[in-house]
Amino acid sequence: MSSEMVGYFSLDGSQFAFQANIAQKNFVDVYPLDSSNNFNVNSSLVTRIDYESNDLIADEALFMGWCTSPATTASKLKRDTDGEGIPKADNQENYFVSVFPEGKIVVFAPNGKDIVNIIKNKHEITHTDISDEFIWIVDADNTVKKFQFSETKPAKTFHLTDGKNEEIVHFQILNSGSNPIVAVASEQTVYIIDASKRKPSTVAKLDVFGALTCQLLDSDDKIAIATVETLSVFDLSTGEIINTWKIQSEKIKKNGNLLFSVNVDGNLSILDMKNGKLVNTISVNKTEIIDFSIIGDSLMVAWLNVNEPNFKKLSIEDIKKEKSIELKSGAEESESVIDQKKTIDDIKVEETGKKIKKKVSKAEQDETSNELIILLDTDGKNDEILSNITSESWNRDRINKFIKIRLTADSQILKLFNLLSDIVENNIWNIDDRILTWLEWLLTLKSSYLNSSKSKQVAKKLKHFKVSLKTSAETLPILIGIQGKLEMLKRQALLRKELTQLKLENDKNEIVNIDEGETNVKDKDDSEDNITYVNGESDAFFDASEFKE
C-alpha cells in the first residue's frame, strides 16, 4: 500500500481510519463520526490503533480496511475490560483489518486497543478485499480463500482456473451474501467469477487492458470497469461497451443509476449511467478528496485540511440539482502556509535564486505520462527517459500514481529500475531529486516484483542498495551528532560576535558620558556579562566512515 496516506470510511460510515504519513508513524487514528456536531471531531474522542505495541509495522501492510459485524457475531468475541467492546445500538460493530504479505491477517477490536483475531495463511498473500464481515484473499498458490473475520479457518476455498497463468493485477468482491461475485483482472483481461457454487465458474471474460477497479451494477448484468484511461460500463452477456467516459478513476461506487468516481486529480465525478452524462463534479478548495462513502441516500466525503481530515455529508438529491460543488477546505491558510505545502517539483528555481511557482496543466501531465509509457515499451534511449522523468511535470504524488497505476508491465519496471539504479550508483551526490523520488516509489510499490525477479543484475543491485541503506542507517546518528556540534559552534561564534559589538557600544557610551561630565562610570570588570561558554571544539569527534557499532 501507499506509504503516503491511509484514509478509509467504515462500511456504515460511522468511523474513519486516517494517518497522514504511515511510513513515518506506526499507528492509525480512528475518528468517530457524528452528525449531531456536524462531523467535527474532538481530538479527545480519537482512538489509536497502535501497531508498535503489537510488534507490527503499518507501512508493511498489503491492505487495510473495515469489516462490519452484526451483534450475533460480535458478542462471541473476547471483550476488553473497560466496556468499549459493547455492541452499538444499531447492533453492528466495525473491526479494522490489516493484511500483511507474508500471510498474516490481523483484526483489531472496535476500540483499536486490542487484537481480536490473527489469521495465518500458509502462502504469501498477494491480493485482498473485504465484504461485510468476510475477508477474501488470493495467495501465491493462486488460491482464493474467504475468512469470517472472527475465525481462523476459511469458510470457502477454491483455486483459480481462468487467469491462473497470468499475473493478477486486481482482485475484488463485487457482490457478497448468498451470491458472491468475484472479479479477477490480469493486465489484458477481466474475469467475472460466480463463487456461490461449490465449484466456482467464470460467467464473463472481458478484454480490458489495465483494469484498476470494478463495480457490479444493480441489475447484475452490467459492470463498470475503470482503467488507466477510461471508465466504462460493459454488458456482461455480450462484452459490449454501453457507455464510456474519459476519466482516470481510482475508486468507484454506485447508487441507483448514478456512478460515483474519485479520480486521480482528487475530484469526485457523478455520472448518469442511463444517458451517459456527467451529473456533477465535487471538488475541495486547495486539496483533494481522500475517500467517500455512500450511506443510504447520502454521500460522505473526506478530505485533508493541513494534517487533519475534514468531513461533509451531502444529500444525493441535492447533488443531482447542481452541476458542480466546491467544498471549503476548512481553516483559511496564509500564502506562507500554502507555499510550504508546495513540493519542490512544483517550483522552478531561476539563476537569480528567486523561486517562482510553475503550474503544470493536466494536459501536460497526461502527455508526459503517455510519452514515458511509449519510451519504456519501445527501445527508448536512456537520455530520453531521463529527460522525461526529471521534467517539471512530475512531482512526488504524480510519480506515486504513475508507478501504482500505469507501470504494470514487467519489462517497464525492469527497464526503469536498471536506469535509475545506474544513475544513483554512478553519481549519488549530483543528481536530480526526482531521480531519488522515482527510485523510492519504485522500490516501495514494486518491491514484490523486483524481489521475485530472476535477473541476476536486479538481485545484485538490490543487494547493493540494502548494504548501502544499512550503512547509512548506522552512520546517520553520528552524522546528525556532528551536525549538531557544528551548529552549536556556529551559534557560539555568532553570540561572541554580538557580545563583542555590545561591549564596544557600551565602552563608547561610557566615553561619551565622561565627556559630558558624568562621574558615575561603571567599573570595566562589572560591565562584562556573566556568560559560560561551552567548549564545543573539545568534544569527541567520530569519523563516520570509520564508525562501527
Side-chain angles (χ1 to χ4, degrees), residues 1-61 63-71 73-100 104-119 130 132-133 135 149-150 290-293 295 300-313 330:
M1 62 181 297
S2 171
S3 60
E4 282 296 288
M5 185 181 297
V6 166
Y8 303 110
F9 279 108
S10 61
L11 299 181
D12 60 0
S14 65
Q15 291 172 285
F16 186 77
F18 176 77
Q19 181 50 265
N21 196 328
I22 199 68
Q24 296 179 7
K25 300 176 181 178
N26 201 19
F27 58 82
V28 172
D29 287 329
V30 177
Y31 291 72
L33 303 179
D34 186 359
S35 58
S36 62
N37 62 355
N38 200 26
F39 304 103
N40 294 319
V41 181
N42 188 318
S43 59
S44 63
L45 300 177
V46 176
T47 57
R48 178 159 292 178
I49 298 175
D50 190 353
Y51 288 77
E52 188 78 29
S53 61
N54 293 294
D55 295 326
L56 300 170
I57 301 176
D59 190 33
E60 293 181 355
F63 173 91
M64 289 183 179
W66 291 95
C67 275
T68 295
S69 170
T73 302
S75 60
K76 297 178 183 179
L77 299 179
K78 180 181 178 181
R79 298 296 176 187
D80 52 283
T81 57
D82 60 8
E84 293 183 53
I86 299 173
K88 297 186 297 183
D90 60 3
N91 293 325
Q92 285 190 333
E93 284 188 322
N94 299 313
Y95 294 81
F96 196 68
V97 178
S98 292
V99 180
F100 297 87
K104 182 187 291 185
I105 303 171
V106 181
V107 182
F108 292 92
N111 63 5
K113 298 177 182 178
D114 309 309
I115 291 176
V116 297
N117 194 22
I118 296 178
I119 303 169
I130 286 180
D132 297 327
E133 60 185 294
I135 304 165
F149 80 98
S150 59
I290 304 172
D291 193 23
F292 73 101
S293 182
I295 313 296
M300 282 291 295
V301 180
W303 67 90
L304 185 63
N305 175 30
V306 188
N307 289 317
E308 293 292 332
N310 282 185
F311 309 97
K312 183 73 174 179
K313 188 176 183 179

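Numbers for residues simply follow the sequence, beginning at 1. Just the heavy atoms: all of them, side chains too, but no hydrogens, waters or symmetry mates, feed the values below.
From N40, atom CG reaches atom CG of D34 across 10.5 Å, with rounding to the nearest 0.5 Å. Taking NZ of K104 as the reference point, atom CD of E60 lies at 10.0 Å (rounded to 0.5 Å). Y31 OH to E308 CD: the interatomic distance, rounded to the nearest 0.5 Å, is 3.5 Å. Distance check, rounded to the nearest 0.5 Å: CD1 of I118 to CZ of F108 gives 8.5 Å. Rounded to the nearest 0.5 Å, atoms CG (N54) and NZ (K113) are 13.0 Å apart.
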- Item | Audit row: I135, I105, side-chain contact (heavy atoms from CB on, under 4.5 Å) steps and yes/no | CA-CA 9 Å; I135 304 165; I105 303 171; 3.9 Å; yes
- Take F27 and Y51 through the test ring-ring contact (aromatic ring centres under 6.0 Å, His included) and record every step on the way to the result. CA-CA 5 Å; F27 58 82; Y51 288 77; 9.1 Å; no
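Between W66 and F96, the angle of the ring planes goes over 60°, which puts this pair in the perpendicular group of the 30/60° scheme.
Scanning both residues, Q15 and P110, for their nearest heavy atoms gives NE2-O, 3.9 Å. Shortest non-hydrogen contact noted between A17 and V28 is CB-CG1, 3.8 Å. When every heavy atom of S10 is checked against every heavy atom of S293, the shortest pair comes out as O-OG, 4.3 Å. Closest heavy-atom contact between A58 and N26: N-OD1, 2.8 Å. Nearest approach of K313 to F39, heavy atoms of both residues: CB-CE1, 3.5 Å. Shortest non-hydrogen contact noted between V97 and C67 is CG2-SG, 3.9 Å.
At a threshold of 4.5 Å between non-hydrogen side-chain atoms, the residues F18 and I290 count as touching. No side-chain heavy atom of Q92 sits under 4.5 Å from any side-chain heavy atom of L11. When side chains are defined from C-beta on, F9 does not count as touching I295, because their heavy atoms never get closer than 4.5 Å. Side-chain atoms of F149 and I130, non-hydrogen and from C-beta on, never get closer than 4.5 Å to each other. T68 has its side chain within reach of N94: a pair of non-hydrogen atoms, C-beta onward, lies under 4.5 Å apart. Proximity of F16 to D291: side-chain heavy atoms (C-beta onward) are separated by under 4.5 Å at one or more points.
With a 6.0 Å radius and a threshold of 12 heavy atoms from other residues, nucleotides or ligands, I57 has its CD1 atom at or below the threshold.
Between the side chain of N111 and the backbone N or O of T47, no donor-acceptor pair lies under 3.5 Å. A donor-acceptor distance shorter than 3.5 angstrom exists from the side chain of D50 to the backbone of E52, with no hydrogens or angles considered.
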